[in-house]
Q: 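Below you will find the structure I want to go over with you.
The sequence lines fix the lettering, A, B, ..., with proteins before strands; numbering per chain opens at 1. This one's a predicted model, so the numbers in the text were calculated from it and none came from an experiment.
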2 protein chains.
Amino acid sequence: MRRVPAQIAARLPAAAELFADRGLEDTKVEDIAAATGVPKATLYYYFAGKEEILAFLFQDTLQHMADEVAMAVQAPDSAATRLTAVVDAQLRVMADQPAVCQALVGNLGRAGRIPEIATAITDAYYTPVQQLLDEGVRDGSLRPTEDPTTTAMVLFGAVTISALSYLATDRPLSPESLSPSILAVVLEGLRSSADQAI
Amino acid sequence: MRRVPAQIAARLPAAAELFADRGLEDTKVEDIAAATGVPKATLYYYFAGKEEILAFLFQDTLQHMADEVAMAVQAPDSAATRLTAVVDAQLRVMADQPAVCQALVGNLGRAGRIPEIATAITDAYYTPVQQLLDEGVRDGSLRPTEDPTTTAMVLFGAVTISALSYLATDRPLSPESLSPSILAVVLEGLRSSADQAI
DNA sequence: CGCAAGGTTAGACTGCTAGTCTAAAACCTC
DNA sequence: GAGGTTTTAGACTAGCAGTCTAACCTTGCG
């Protein structure tokens with residue numbers, strides 16, 4: 001994949017719309033050319049095919065997510081507070097780029113075969129969140145977990161799937177209303193304090 | 001889609017393997033014929049195309065999940081205990097049918113366009129879990145949540161994504177070891193009791 | 001200015017595969 | 001054994017991904 005010039009990169013989000021609502025399969029390369037205004041020959045000059053266009057869009061969105069998450073993690077608050085900021089950040093990025101996120105999740109299979117994507121998710125999310133979980137144990141704001149890797153995946157999955165179900169059904173995704181519901185579960189847990197623990 | 005005879009249905013899981021490790025795209029209908037031993041013409045006699053074969057496999061696995069979840073929900077224990085059983089049930093089904101689950105998640109986009117799948121997930125999971133959450137509030141074992149719909153999605157997402165990341169990386173998925181880590185988060189929450197709440 | 005290097009594009013072309021169709025066999029069921 | 005349905009091989013079509021060519025444009029440099 002050659003370095004993609006900015007004027008072209010700027011037009012690609014139109015392709016994400018197509019991927020999101022018809023799927024990668026039912027989107028012809030000619031359709032992408034028509035929707036973005038970038039001619040087919042030019043697309044092939046820069047990308048090996050549709051999935052590389054998709055991968056390019058993912059990288060971009062994941063970079064946003066990495067930035068937002070990094071900013072949330074570096075704030076001067078308690079780890080618990082920063083964790084809520086991480087959840088908000090993920091929701092904000094998803095609300096911002098609904099088409100790309102839908103396309104991403106709807107084509108995880110394809111994306112999964114592009115190893116950079118897996119790495120990008122790890123770098124953007126898992127690594128910083130695991131570090132945050134550690135710090136939370138140290139500053140006393142978070143409970144220690146036996147397996148921080150799994151905990152990070154649980155968080156990611158909780159946010160991703162709930163946000164996604166809004167996107168998939170074309171309901172508007174409002175981070176402000178969704179975030180408290182998710183955080184209530186992952187921070188306070190579902191078990192009533194009256195119930196005998198573990 | 002005609003009623004699929006049992007001898008044919010029994011051979012289809014071989015197709016799930018192909019979908020899971022090459023993706024739907026890179027699996028030719030002839031490959032499916034070769035892998036399952038069901039001739040191409042016969043496949044087309046019963047199914048409109050590959051995605052219908054995928055959909056058929058999903059329905060089957062989701063039916064298992066519905067059964068297992070229903071059983072977990074109907075046990076005579078406290079709602080909190082039954083909720084752990086639901087998580088276990090989902091993990092067990094996923095561990096049992098890794099290829100179908102990988103194919104399902106890797107092709108959610110396609111699947112999403114097949115409305116029966118969305119309905120099947122709702123019936124198999126969301127509806128019973130929401131009911132369970134209600135009962136938990138009544139029997140005092142679970143904390144009330146402001147939005148049970150979101151809570152159900154959080155649970156589903158937490159389990160699905162963590163299980164999936166094992167499947168995707170070809171690590172064996174062992175429900176016994178994963179389940180406690182997930183449950184620790186969703187039942188007890190991440191916030192330390194020392195931290196001032198909400 | 002003139003020219004080289006590389007970006008950009010139209011359009012023709014190839015190859016592959018999904019999906020259709022036909023028609024023949026095999027299998028039922030009454 | 002007649003009349004239906006299922007099963008299958010194999011030929012065929014249509015459409016799309018991806019390649020290639022050759023022209024055209026831009027930019028920068030001597």
Q: Taking any atom closer than 4.0 angstrom to a non-hydrogen atom of chain A, what span of DNA chain C does the protein reach, first nucleotide to last?
A: C/dG7 to C/dA10

Q: Taking salt bridge (Lys or Arg N to Asp or Glu O under 4.0 Å) as the definition, give me every residue that meets it alongside A/Asp31, ordered by chain and number, with sequence neighbours left out.
A: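 Scan of A/Asp31 (salt bridge (Lys or Arg N to Asp or Glu O under 4.0 Å), adjacent residues dropped) gives A/Arg22.
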
Q: Going by the side chain to side chain donor-acceptor pair (under 3.5 Å) test, which pairs reach into residues 64-75 of chain B, not counting sequence neighbours?
A: B/Gln63-B/Asp67, B/Glu68-B/Arg92

Q: If you look only at pairs with a residue in residues 5-18 of chain A, which of them pass as a side chain to side chain donor-acceptor pair (under 3.5 Å), with sequence neighbours excluded?
A: none

Q: Sequence neighbours excluded and cut-off under 3.5 Å, please list the side-chain donor-acceptor pairs for residues 38-45 of chain A, or say none.
A:
residue : atom : partner : partner atom : Å
A/Tyr45 : OH   : A/Arg2  : NH1          : 3.4

Q: So, using side-chain contact (heavy atoms from CB on, under 4.5 Å) as the criterion, who are the partners of B/Asp139 when residues are at least two apart?
A: B/Ser78, B/Ala79, B/Arg82, B/Ser141

Q: Listed by chain and number, what are the side-chain contact (heavy atoms from CB on, under 4.5 Å) partners of A/Arg3, not counting sequence neighbours?
A: none

Q: Does A/Phe156 have any ring pair (Phe, Tyr, Trp, His ring centres under 6.0 Å) partners at least two apart in sequence or in another chain, and if so, which?
A: A/Tyr125, A/Tyr126

Q: What side chain to side chain donor-acceptor pair (under 3.5 Å) pairs are there with at least one residue in residues 150-161 of chain B, not counting sequence neighbours?
A: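 Only B/Gln90-B/Thr160, B/Thr145-B/Thr151, B/Asp147-B/Thr150 qualify under side chain to side chain donor-acceptor pair (under 3.5 Å).
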
Q: Can you check the A/Glu51 CD to D/dA17 P distance for me, whole Å?
A: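 Result: 10 Å.
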
Q: Can any side-chain N or O of B/Lys50 pair as donor or acceptor with the backbone N or O of B/Leu24 at less than 3.5 Å?
A: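 The answer is yes, because a donor-acceptor pair under 3.5 Å joins these two groups.
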
Q: Of all of residues 30-44 of chain B, which get a heavy atom below 4.0 angstrom from DNA chain C, listed by number?
A: B/Lys40, B/Tyr44

Q: Could you pull out all donor-acceptor pairs under 3.5 Å where a side-chain atom in residues 173-186 of chain A meets a protein atom, sequence neighbours excluded?
A:
residue  : atom : partner  : partner atom : Å
A/Ser174 : OG   : A/Ser177 : N            : 3.2
A/Ser174 : OG   : A/Ser177 : OG           : 2.7
A/Ser177 : OG   : A/Ser174 : O            : 3.2
A/Ser179 : OG   : A/Asp88  : OD1          : 2.6

Q: Using whole Å, report how far CD1 of A/Ile53 lies from C1' of D/dG18.
A: 12 Å

Q: Where along residues 7-18 of chain A does a heavy atom come under 4.0 Å from DNA chain D, residue by residue in number order?
A: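 Those residues: none at all.
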
